[in-house]
Student: 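Dumping the structure here so I can ask a few things about it.
Keep in mind the model is a prediction, meaning the values are calculated, not measured. Below, chain A is the first sequence line, B the second, and so on; all start at residue 1.
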Amino acid sequence: MSSSRDLILGRVRDALAALPKRAPLPEWDPAGARSTVAPSGADLWQAFSARLRAVNGTPLASVAELVALLESKGWRHGYCDPTLWPALKAAFPAGFTVETEFDRSRVDDYQFGITVADGAIAETGTLVLSDRGTASRLAALAPWVHVAAIRHAQIVPDLGSALTLLGDDPNVIWVTGPSKTADVEGILIEGVHGPGMQVALLLD
Amino acid sequence: MASDRLLPRADRRVMLMATCLCDAFYADAARATVEVLEHLGCVVEFPEGQTCCGQPAFNGGDWPASRQVVRHTVKTFAGDLPVIIPSGSCAAMLTHGAPLEFENEPDLGEVRELGRRTWELADFIVNGLGVKTWPGRFDSRIAFHRSCHCRGSETGPAAFALLSSIAGATVVPFGEADQCCGFGGTFAVSFPHVSTAMGTLKLEHIRASSPDVLVSVDMSCLMHMGGLAEKAGQPIRTLHVAQILRDALRNGNLL
Amino acid sequence: MARQPIDQFVERIASEKRASVYLGTKTTHEKREKLLHDHYADPDALRRLAGGIKQHVVENLDTYLPRVEAKLKANGAQVHWAATAEEACATVHGIMTARGATKIVKAKTMVSEEIGLAEYLGSRGIESLETDLGEFIVQIDHDHPSHIVRPIIHKSRREIAKSFEREGLGDYNDDPGTITRRARAFLRKKFLQADVGITGANFVSAESGRLVIVTNEGNSRFSLAATKCHIALIGIEKVVPRDRDLGLFLNLLARSATAQQLTVYTEFISGPKSPAQPDGPEEMHVIFVDNQRTEVLASECREILRCIRCGACMNVCPVYRQASGHAYRSVYPGPVGAVLSPLLAGERFAEKADLPKASSLCGACNEVCPVDIPIPDLLLRLRDKGKREHAPLASAGTPSLGGWAVMASKPVLWKTALSAGKLMNLLPANWIPMAAAKAWTDTRTLPTWRGGEFRSWMKHRPAKGEGKGKS
């Protein structure tokens, strides 16, 4: 309602009119917010993997490792982004059912979902998902295991750099490990509404 | 910065604000303050018209009453001498609280001026007079309670440094040392259950480190914790930092 | 002398509840301290910087709000303005009605609690289901959250297990993992059946018009993957100037709130879903909520609008630890709530005028605040306001200090009272705070009265050079 808008903005203006001067915007160097665990070396995948493990995420350097992990848990029914599947298909033996279209009416059929990430942040072990790059939001979220596929060149060192890459995508999600809660007596439980296992799969 | 506040050696005249608590209950803490300052070469003036810094009413929300008392204090301590106070909370009242409640008052300038030359005692010794270590002897396990109004000031580190430097003294750490003891001015009587719970918890932590004496720059905290301990049948010895410093000098035959 | 409600609450609180709250807050606080100091050489400098940026925003909302609105609209979101709680609820209802929608899944937003959204919608046949595990449990118990980040910090697993059994979510089982998995299964269906997802926003960037939402559970993501319409309720103070400033706030927020480097999910939402995306909202509504915030802006406590709702203040507050959030009778408890809740009450300030008194002014809250809000100063201002407006809850339990003020501004009276020993014999009865004296001596002894001793010593001691008392 434009009248509420005008009312509120009018009140804001009136409230601030009495101030003799307005507090200026402090300038600051993004390097100042870099933590001591931001990477110092050139191997961003190593740095990223270490931080991902620190939040109980699972960095994997090959599809073969992914398949071995899934098989070891008996997770053989999942989803994969159709643009990615041709490259991964060969590594998946018979016995796996991998759909390339996510059917939300059977959401609990999928034990894993493999989607394409836009990038990663080494400082925090974070995967960056975008709306345009994620073939199905539910596929990246609902299955117990989410596998986000990334390439070396996509890994940035820290939060500050990642913020410059948001672009104009309507829904960028920074994913830092598996979903969790500590609501019940402060006890950490993984796998709440989102995945209980968060995998980062290095493609190159 | 601490080093910017160093007083020139030549001028050591100071005024003492003894605090209303020392005036009423803790005469020896005030005496010790005078003896310590004189030992350091200060000439201590005691304006007899002094009463209270105005904090009880300020904290209690009665700013007009508080301002009335602050105005009297400003008059009593007129001049340009440093005002030394054996209390972190009274010092904070004059440096921060009073300017806050005088924000819209015409005499804000005078109130600020007094605040600028106000010092808590330990801060004055270390940063005003440049004395970093203390002579003499005091054989004791000391639990040092850094009172809340010292937050953001140099007092805590100053008192800790002085106490730690005394021969024979061991300053013992204890759990949750940053948590408030529960005095809080009128809070102690307006919220007696909360205040008592906070103080009792604090005493548990302190006792767990087996100190011989509980020490602070604020008698208010010691009055509260000491009073709780005594009422509960487990009295604990309490002393103001000034008393420790004075007694250390006596024990070392320096006073 | 009437008693302070929060003190009475503390007297009555079940020791199990107090113990839960104490352990929960202390643990998080200590982890937060360690993490900030492990990760940064000077965390206090970052807090002050963040405080400076937020203060700038607060003092320039007249510029920032129109800018944010324009950006959001350009991104494809519809922007609404709600001056009151009622209007915010009505706006949500209007959107639901226009869509013929009856089912909402809600991620955690304190603003929705503030405006009483669930009750408003419930009485109009609309289900608004909490999806944050803690808030879900609060909802099924018809309870209130007691902490803005850890809503069920006061509940034990046994209580939760009983509630789940009562709600038909399975036989009694108090294993936290089982409880969580049951909630996952139950709420998953609800997400997929819902029409609309409601969230809040932790920040809104004025540069890009992006909402930033941080969660750990994935409930906000699920709402925005499963439903076709997104409604975001946002207080007008949540703006940050630039995307780059988010680097500072995001680094501080999770560390301050839950002692994490980052929450598991940080969502940057600038509009409805992209055209090719099968999942998610086709429609996005942002409702900017005033609900007395402009009054706070006009007051001398506007610094409280910097708050980024991390909860660090209540984790360190010794009063909160003894009392728990319910003692504050408000959506926002603890130190931030003691300032914000009375102010958000507007004309009903008097009903909350005791909250600013429930503090020893220790200052621990300011020391942990990621935006450096001078909370003790604001509490003091509100105490002054409570007294000036003669709010009974402000003066409950507080001795009248008028008599003291007279004595303390007349040295002759003061010195006479000191020397006379027993104050009580000398002063008019209404100058002696009897109730206050009793409140002290119930649990504490009083020290020996030594009025006049020091002054006498000072006056009569042998001259030490020039050091003698000056009258």
Student: Mind running side chain to side chain contact (heavy atoms under 4.5 Å, CB included) on A/Trp174 and C/Val264 for me, showing each step along the way?
Tutor: CA-CA 8 Å; A/Trp174 288 358; C/Val264 179; over 6 Å; no
Student: What part of A/Leu129 is in contact with chain C, defined as an atom under 4.5 angstrom from a non-hydrogen atom: side chain, backbone, both or neither?
Tutor: side chain
Student: Side chain to side chain contact (heavy atoms under 4.5 Å, CB included), that's the test. Do C/Lys273 and A/Arg137 meet it? Break it down for me.
Tutor: CA-CA 10 Å; C/Lys273 69 178 184 71; A/Arg137 290 189 188 186; 3.6 Å; yes
Student: Non-hydrogen atoms of chain A under 4.5 Å away: do they reach the side chain of C/Arg293, the backbone, both or neither?
Tutor: neither
Student: Does A/Thr181 reach the side chain of C/Thr180, with side-chain heavy atoms less than 4.5 Å apart?
Tutor: yes
Student: Assess whether side chain to side chain contact (heavy atoms under 4.5 Å, CB included) is satisfied between A/Val12 and C/Ile236, documenting all intermediate values.
Tutor: CA-CA 10 Å; A/Val12 170; C/Ile236 57 172; 4.3 Å; yes
Student: Under a 4.5 Å heavy-atom cut-off, does chain A meet the side chain of C/Thr28, its backbone, both or neither?
Tutor: neither
Student: To check you understand the geometry: which heavy-atom pair defines the closest contact between A/Leu141 and C/Gly218, and what is its length?
Tutor: CD1-O, 4.2 Å
Student: So A/Trp144 and C/Arg184, do their side chains get closer than 4.5 Å, heavy atoms only?
Tutor: yes
Student: Check each atom of C/Arg255 against the heavy atoms of chain A and say whether the ones under 4.5 Å are side chain, backbone, both or neither.
Tutor: side chain
Student: Any chance you could lay out the side chain to side chain contact (heavy atoms under 4.5 Å, CB included) test for C/Tyr265 and A/Val175, step after step, and finish with the verdict?
Tutor: CA-CA 5 Å; C/Tyr265 304 117; A/Val175 175; 3.8 Å; yes
Student: Checking C/Gln277 against A/Thr134: is there a side-chain donor and acceptor pair closer than 3.5 Å?
Tutor: no
Student: If the threshold is 4.0 Å, N to carboxylate O, is there a salt bridge linking A/Arg11 and C/Glu295?
Tutor: no
Student: Would you say A/Leu25 and C/Arg242 make side-chain contact, with heavy atoms under 4.5 Å?
Tutor: yes
Student: Side chain from CB out, backbone as N, CA, C, O: work out which of these in C/Glu217 comes under 4.5 Å of a heavy atom of chain A, or both, or neither.
Tutor: both
Student: To the nearest 0.5 angstrom, please state how far the CG atom of A/Asp183 sits from the CG atom of C/Leu133.
Tutor: 5.0 Å
Student: Mind listing the closest non-hydrogen atom pair of C/Asn251 and A/Ala33 along with its distance?
Tutor: ND2-O, 3.2 Å
Student: Would you say the side chain of C/Ile53 lies within less than 4.5 Å of the side chain of A/Trp28, judging by non-hydrogen atoms?
Tutor: yes
Student: So, for C/Asp279 and A/Ser136, which heavy atoms are closest and what is the spacing to 0.1 Å?
Tutor: OD2-OG, 2.7 Å
Student: Which atom pair, heavy atoms only, marks the closest approach of C/Arg244 to A/Pro30?
Tutor: NH2-CD, 3.5 Å
Student: Below 4.5 Å, heavy-atom pairs only: which of A/Val55, A/Asp14, A/Thr36 has the largest tally toward chain C?
Tutor: A/Thr36
Student: I'd like to know which of A/Leu166, A/Val37, A/Leu9, A/Leu127 tops the heavy-atom pair count under 4.5 Å against chain C.
Tutor: A/Leu166
Student: Among residues 152-163 of chain A, which ones touch chain C with a heavy-atom distance under 4.5 Å?
Tutor: A/Leu159, A/Leu163
Student: Kindly determine whether A/Glu185 and C/Lys155 satisfy salt bridge (Lys or Arg N to Asp or Glu O under 4.0 Å), including the steps that lead there.
Tutor: CA-CA 7 Å; A/Glu185 292 187 0; C/Lys155 280 196 200 285; over 6 Å; no
Student: Contact part of C/Asp42 toward chain A, heavy-atom cut-off under 4.5 Å: side chain, backbone, both or neither?
Tutor: neither
Student: Which bit of C/Leu297 is near chain A, if near means a heavy-atom gap under 4.5 Å: side chain, backbone, both or neither?
Tutor: both
Student: Go through C/Arg181, C/His154, C/Arg157, C/Gln260 and name the one with the most non-hydrogen pairs under 4.5 angstrom from chain A.
Tutor: C/Arg157
Student: At a heavy-atom separation under 4.5 Å, does A/Pro24 approach chain C through its side chain, its backbone, both, or neither?
Tutor: backbone
Student: Side chain from CB out, backbone as N, CA, C, O: work out which of these in C/Val58 comes under 4.5 Å of a heavy atom of chain A, or both, or neither.
Tutor: backbone
Student: Just checking heavy atoms, which of residues 100-113 of chain A are less than 4.5 Å from chain C?
Tutor: A/Arg104, A/Val107, A/Asp108
Student: Is a side-chain N or O of C/Glu59 found less than 3.5 angstrom from the main chain of A/Ala23, in a donor-acceptor match?
Tutor: yes
Student: Select, from A/Gly177, A/Ala135, A/Ala18, the one with the greatest count of heavy-atom pairs under 4.5 Å involving chain C.
Tutor: A/Ala135
Student: Looking only at heavy atoms and a cut-off of under 4.5 Å, which of C/Asp174, C/Asp62, C/Ile213, C/Leu252 has the most pairs with chain A?
Tutor: C/Asp62
Student: Contact part of C/Asn60 toward chain A, heavy-atom cut-off under 4.5 Å: side chain, backbone, both or neither?
Tutor: both
Student: For each of A/Gly186, A/Ala142, A/Gly32, tally heavy-atom pairs with chain C at distances under 4.5 Å, and name the one with the top tally.
Tutor: A/Ala142
Student: Name, in order of residue number, those residues of residues 80-89 of chain A that have a heavy atom at a distance of less than 4.5 Å from a heavy atom in chain C; otherwise write 'none'.
Tutor: none
Student: Which residues in residues 193-204 of chain A have a heavy atom less than 4.5 Å from any heavy atom of chain C?
Tutor: A/His193, A/Gly194, A/Pro195
Student: How long is the span from the OG atom in A/Ser35 to the CG atom in C/Leu262, to the nearest 0.5 Å?
Tutor: 9.0 Å
Student: Considering only heavy atoms and a distance below 4.5 Å, find which of C/Ala225, C/Ala183, C/Ala82, C/Ala298 pairs most often with chain A.
Tutor: C/Ala225
Student: Identify which part of A/Arg51 has an atom lying under 4.5 Å from any heavy atom of chain C, answering side chain, backbone, both or neither.
Tutor: side chain
Student: Taking atom types as modelled, find out whether A/Asp6 and C/Trp81 have a side-chain donor-acceptor pair closer than 3.5 angstrom.
Tutor: no
Student: Which heavy atom of A/Ala140 sits nearest a heavy atom of C/Arg221, and at what distance?
Tutor: O-NH2, 3.4 Å
Student: Taking every non-hydrogen pair under 4.5 Å, which of C/Ala77, C/Ala226, C/Pro275 racks up the most with chain A?
Tutor: C/Ala226
Student: Out of A/Lys21, A/Glu27, A/Glu190, which one racks up the most heavy-atom pairs below 4.5 Å with chain C?
Tutor: A/Glu27
Student: Side chain, backbone, both or neither: which part of C/Pro176 has a heavy atom under 4.5 Å from chain A?
Tutor: both
Student: So what's closer than 4.5 Å to chain A heavy atoms on C/Leu192: side chain, backbone, both or neither?
Tutor: both
Student: Please state whether the side chain, the backbone, both or neither of A/Ile187 comes within less than 4.5 Å of a heavy atom of chain C.
Tutor: side chain
Student: Name the member of C/Thr215, C/Val296, C/Leu49, C/Leu46 that forms the most heavy-atom pairs with chain A at distances under 4.5 Å.
Tutor: C/Leu49
Student: Please report the shortest heavy-atom distance between C/Pro272 and A/Pro170, naming the atom on each side.
Tutor: O-CB, 3.3 Å
Student: Quick one: which of C/Ser20, C/Gly24, C/Gly134 has the most heavy-atom pairs under 4.5 Å with chain A, could you say?
Tutor: C/Gly134
Student: Is it the side chain or the backbone of C/Ile269 that comes within 4.5 Å of chain A heavy atoms, both, or neither?
Tutor: both
Student: At a 4.5 Å cut-off on heavy atoms, which part of A/Ile189 comes close to chain C: side chain, backbone, both, or neither?
Tutor: side chain
Student: Any idea which of A/Thr126, A/Leu19, A/Asp131 has the most non-hydrogen atom pairs under 4.5 angstrom with chain C?
Tutor: A/Asp131
Student: Do C/Ser270 and A/Asp168 have side chains that approach each other closer than 4.5 Å (heavy atoms only, starting at C-beta)?
Tutor: no
